Amino acid sequence: MVDHPRAQPELKPPVQLALLDDILGIVRANSLWPMTFGIACCSIELMATGASRFDLDRFGAGVFRPSPRQSDVMVVAGTISKKMAPTVVTLYEQMPAPKWVIAMGNCAISGGPFAYDKQYAIVNGTDVILPVDVYVPG
């Protein structure tokens, strides 16, 4: 008769550690890359969000890309004129899917103080020409 040791259940540690490369790969795959894109004076505020005081990097969106083909977030910061609108739409169409649009500030959301009766040069909000995912008032 052969003695068989009792089958021990496999014990797993209470905390499992992953390789740093695996974690960094997940973070890189799920991070947002905004496009370097500013239309009017609000683009200064867009630059400030990437600076050290507001630090967009902690949300995984700090790598501003120079080309729409390399980015997946368009942050519209500023007033869109009707002359500039076709260019904004072209940049949006050049972005790879999935893509998102953030309208930042009053001018991008509703035209700002430049939207009034009988004005002819300003688009009354980004959502008139693009599908906006997030509105950031201010």
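As the structure is a computational prediction, the values presented were derived from the model and not from experiment.
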- Shortest non-hydrogen separation from M35 to M95 and the atoms involved: CE-SD, 4.0 Å
- Distance in Å, E93 CD paired with K99 NZ, rounded so as to fall on 0.5 Å steps: 7.0 Å
- Note on the structure: Correct closest heavy-atom pair for P98 and D72 would be O-CB, 3.6 Å
- Message: Let me confirm one number: the NZ-CD1 distance from K82 to I122, rounded to the nearest 0.5 Å.
- Response: 9.0 Å
- Query: To the nearest 0.5 Å, how far apart are CD1 in I102 and OG1 in T126?
  - Reply: 11.5 Å
- Message: Please give me the minimum heavy-atom distance between Q70 and W33, naming the atom from each residue.
- Response: O-CE3, 3.2 Å
Give the table of side-chain donor-acceptor pairs shorter than 3.5 Å for residues 127-138, with sequence neighbours excluded, one pair per line with atom names and distance.
residue, atom, partner, partner atom, Å
D127, OD2, Y135, OH, 3.2
D133, OD2, V101, N, 3.0

- Message: Quick check: is V76 connected to M47 through a chain of hydrophobic side chains (ILVMFWY, heavy atoms under 4.5 Å apart)?
- Response: no
Determine all donor-acceptor pairs shorter than 3.5 Å in which one atom belongs to a side chain in residues 105-118; sequence neighbours excluded.
residue, atom, partner, partner atom, Å
N106, OD1, S110, OG, 2.9
S110, OG, N106, O, 3.3

- Any side-chain heavy atom of Q119 within less than 4.5 Å of one from N124? yes
